[in-house]
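Heads up: numbering here begins at 1 and tracks the sequence. Please read all numbers here as calculations on a predicted model, not as lab measurements.
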Amino acid sequence: MTKKKTIDHYSGIGGQAVLEGVMMKNQDTYAVAVRKPDGKIEVKTEEYKPRTAKWTKLPFIRGVFGFWDSLVLGMKCMTYSASFYEEEEEEDTALDKLGDKLFGEKAENVLMGITVALSLVIAVALFMLLPYFLAGFLAKVVANETLLALFEGLIRILIFLLYVSLISLMKDIRRVYQYHGAEHKCINCIEKGRILNVENVKKSSRQHKRCGTSFLLFVMLVSIILFFFIRVEQPVLRVVLRILLIPVIAGISYEIIRLAGRSNNIIVRIISAPGLWLQKLTTKEPDEDMIEVAIASVEAVFDWKAYFKTEFGYDVDDAMEVEAESEKITEELAAETADDATQNTIADAVEPDTENGKAE
């Protein structure tokens, strides 16, 4: 009996869905592939070197800065993809003009940072503070602090699930979820050693352990554990504590998902299961056009053929030639079998019945 492998193949690439497209990132290079209104695929490739790079090697610290960088890059890519679907060129708003006046060429980056910061504030208010205040109403009927902490965590998860489910009802978001599925399928296809084409991508799973959805769920679960053990009496300090612990929660959650992406032992599979289940909500089955966009994004930043040779030990071009030759032989055999069957049918139709020495 062979020992089960505990390490999955790891490509190092990751990405996210954008409006009618997919962004893929490999080290310091990222590509955004977008299906334009005319049906053509536009691919933009650039380098992204975050200013927080020096912190990305420190365990637990790197998760906080990595999360911020992913938000900034994600917002930038989403804005780029949306630009293809603006019906007409809009005039600069008063905010745009003020930004240009105050920050000059850096105005776009500054406004992007402000947008990301506001998004984080809203997320903290919705998923961290609101559950605390809602659980506070139960304090009148539940005197046990342990139960209140558990109720707060449960409310936090329910709000998150409700949010994810409701936005999936929007047509544009549903299509983003389909592109999200295409992104995962491409990465799974590569990391399983399958030739990157539409047919193989369609067969691949749309769930992946390194997904941001899983990261957010880990944030929820880790927060429940920390808030369960770290308590203070004063209500104001409780609110402050929940805000101050967010970087700690993000750092721990990042290390968990980082481990999950590189290991396949039983413990990792157990802790990854809820996130994989949740991805059934945040990913949908893509169509072939969406898969083509995701493949274009992958190939712009990742040499998957070289990866296959290093990781799996075979030459992709040779394998493709063998596969093509095999398909050709199969088609020829099928054609010959069909011809033989046709000839036999004709022969049976014209051959006289000579049974018992009689011909009809």
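- The backbone N or O of Lys171 lies less than 3.5 Å from no partner atom in the side chain of Arg175, so there is not a single donor-acceptor pair.
- In terms of modelled atom types and a separation under 3.5 Å, the side chain of Lys309 and the main chain of Asp315 share no donor-acceptor contact.
- For the 3.5 Å distance criterion, the side chains of Thr29 and Glu46 fail to qualify, holding no donor opposite an acceptor.
- Within 6.0 Å of the NZ atom in Lys44, the count of heavy atoms belonging to other residues, nucleotides or ligands exceeds 12.
- Taking all atoms of both residues into account, the shortest heavy-atom contact from Val301 to Asn26 is O-ND2, 3.0 Å.
- His180 places a side-chain N or O within donor-acceptor distance of the main-chain N or O of Thr282, the cut-off being under 3.5 Å.
- Hydrophobic clustering of Ile, Leu, Val, Met, Phe, Trp and Tyr side chains at less than 4.5 Å, counting indirect connections, unites Val198 with Val22.
- Under a cut-off of 6.0 angstrom, the local environment of CZ in Arg174 is sparse, with at most 12 non-hydrogen atoms contributed by other residues, nucleotides or ligands.
- Tyr254 and Phe60 have their aromatic ring centers separated by at least 6.0 angstrom.
- Remark: Trp304 CH2 to Cys186 SG distance equals 10.5 Å, nearest 0.5 Å.
- Between Tyr80 and Phe84, the ring center distance clears the sub-6.0 Å criterion.
- Checking side-chain atoms of Lys185 against main-chain N and O of Lys202 turns up a donor-acceptor pair under 3.5 Å.
- Considering all non-hydrogen atoms of both residues, Phe312 and Ile190 come closest at CE1-O, 3.7 Å.
- Residues Leu221 and Leu126 are members of one and the same hydrophobic cluster, defined by side-chain heavy-atom contacts under 4.5 angstrom among Ile, Leu, Val, Met, Phe, Trp and Tyr.
- More than 12 heavy atoms of other residues, nucleotides or ligands shown are found within 6.0 angstrom of CD1 on Ile266.
- Under a hydrophobic clustering in which Ile, Leu, Val, Met, Phe, Trp and Tyr are joined whenever their side-chain heavy atoms come within less than 4.5 Å, directly or via other members, Val222 and Val64 fall into different clusters.
- Residues His9 and Phe308 have side chains not in contact (no heavy-atom distance under 4.5 Å, counting atoms from C-beta outward).
- One finds the OG atom of Ser272 at 10.5 Å from the CG atom of Leu217 (value rounded to the nearest 0.5 Å).
- Residues Met75 and Ser119 have side chains in contact (heavy-atom distance under 4.5 Å, counting atoms from C-beta outward).
- Cluster membership for Leu154 and Leu129, using ILVMFWY side-chain heavy atoms within less than 4.5 angstrom, is not shared.
- Proximity of Leu196 to Glu299: side-chain heavy atoms (C-beta onward) are separated by under 4.5 Å at one or more points.
- Listed here is the closest heavy atom pair of Gly21 and Val293: CA-CG1, 3.9 Å.
- The local environment of CD in Gln27 is sparse, with at most 12 non-hydrogen atoms from other residues, nucleotides or ligands closer than 6.0 Å.
- Atom CD1 of residue Ile230 and atom OG of residue Ser223 lie 11.5 Å apart, to the nearest 0.5 angstrom.
- At a threshold of 4.5 Å between side-chain heavy atoms, the hydrophobic network of Ile, Leu, Val, Met, Phe, Trp and Tyr places Tyr179 and Ile13 in one connected group.
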Problem set entry | Val43/Val32 under side-chain contact (heavy atoms from CB on, under 4.5 Å): CA gap, chis, key distance, verdict | CA-CA 6 Å; Val43 181; Val32 188; over 6 Å; no
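- The shortest non-hydrogen separation linking Ser81 to Val18 is OG-CB, 3.5 Å.
- Residues Asp287 and Met290 are in side-chain contact: their nearest non-hydrogen atoms beyond the backbone lie under 4.5 Å apart.
- Residues passing the side chain to side chain donor-acceptor pair (under 3.5 Å) test with Thr283 are Arg206, sequence neighbours excluded.
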Exercise. What do the steps show when you test Val240 against Val232 for side-chain contact (heavy atoms from CB on, under 4.5 Å), and what is the final call?
Worked result: CA-CA 10 Å; Val240 173; Val232 292; over 6 Å; no
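- Residues Lys209 and Ile257 have side chains not in contact (no heavy-atom distance under 4.5 Å, counting atoms from C-beta outward).
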Problem set entry | Residue pair Glu145, Arg231: steps toward the side-chain contact (heavy atoms from CB on, under 4.5 Å) verdict | CA-CA 9 Å; Glu145 290 292 330; Arg231 302 180 189 177; 3.5 Å; yes
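- Not one N or O on the side chain of Gln16 forms a donor-acceptor pair closer than 3.5 Å with the backbone of Met23.
- Atoms CH2 and OG1, from Trp277 and Thr213 in turn, are 12.0 Å apart once rounded to the nearest 0.5 Å.
- Of the charged side-chain nitrogens involved, at least one lies within less than 4.0 Å of a carboxylate oxygen, so that Glu255 and Arg62 count as a salt-bridged pair.
- Thr310 places no side-chain N or O within 3.5 Å of a backbone atom of Tyr307 that could act as its donor or acceptor partner.
- Under the 4.5 Å side-chain criterion, counting only non-hydrogen atoms from C-beta, Leu245 is in contact with Val248.
- Remark: Lys36 engages Glu42 in a salt bridge (Lys or Arg N to Asp or Glu O under 4.0 Å) (not counting sequence neighbours).
- Judged by distance alone, the side chain of Thr45 and the main-chain N or O of Ala31 form no donor-acceptor pair under 3.5 Å.
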For this session: Show your working on side-chain contact (heavy atoms from CB on, under 4.5 Å) between Ile187 and Arg210 and close with a plain yes or no.
Result: CA-CA 10 Å; Ile187 296 176; Arg210 296 200 311 271; 4.0 Å; yes
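- What you find for Glu191 and Gly12 is that their closest heavy atoms are OE2-N, 4.3 Å.
- No donor-acceptor pair closer than 3.5 Å links the side chain of Asn200 to the backbone N or O of Arg194.
- When side chains are defined from C-beta on, Tyr85 counts as touching Pro37, because their heavy atoms get closer than 4.5 Å.
- Separation of atoms CG (Leu281) and CD1 (Ile167) is listed at 10.0 Å; rounding is to 0.5 Å.
- For Glu183 against Ala17, the heavy-atom pair with the smallest separation is OE1-N, 3.9 Å.
- Taking NZ of Lys203 as the reference point, atom CG of Asn188 lies at 15.0 Å (rounded to 0.5 Å).
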Indicate every side-chain donor-acceptor pair of residues 155-165 with a distance under 3.5 Å to a residue at least two apart or in another chain.
residue : atom : partner : partner atom : Å
Arg156  : NE   : Phe127  : O            : 2.7
Arg156  : NH2  : Met128  : O            : 3.3
Arg156  : NH2  : Glu152  : OE2          : 2.8
Ser165  : OG   : Leu161  : O            : 2.8

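- Looking only at side-chain heavy atoms (C-beta outward), Pro235 and Tyr132 come within less than 4.5 Å of each other.
- The main-chain N or O of Gln279 is never found under 3.5 Å from a side-chain atom of Gln207 such that the two would form a donor-acceptor pair.
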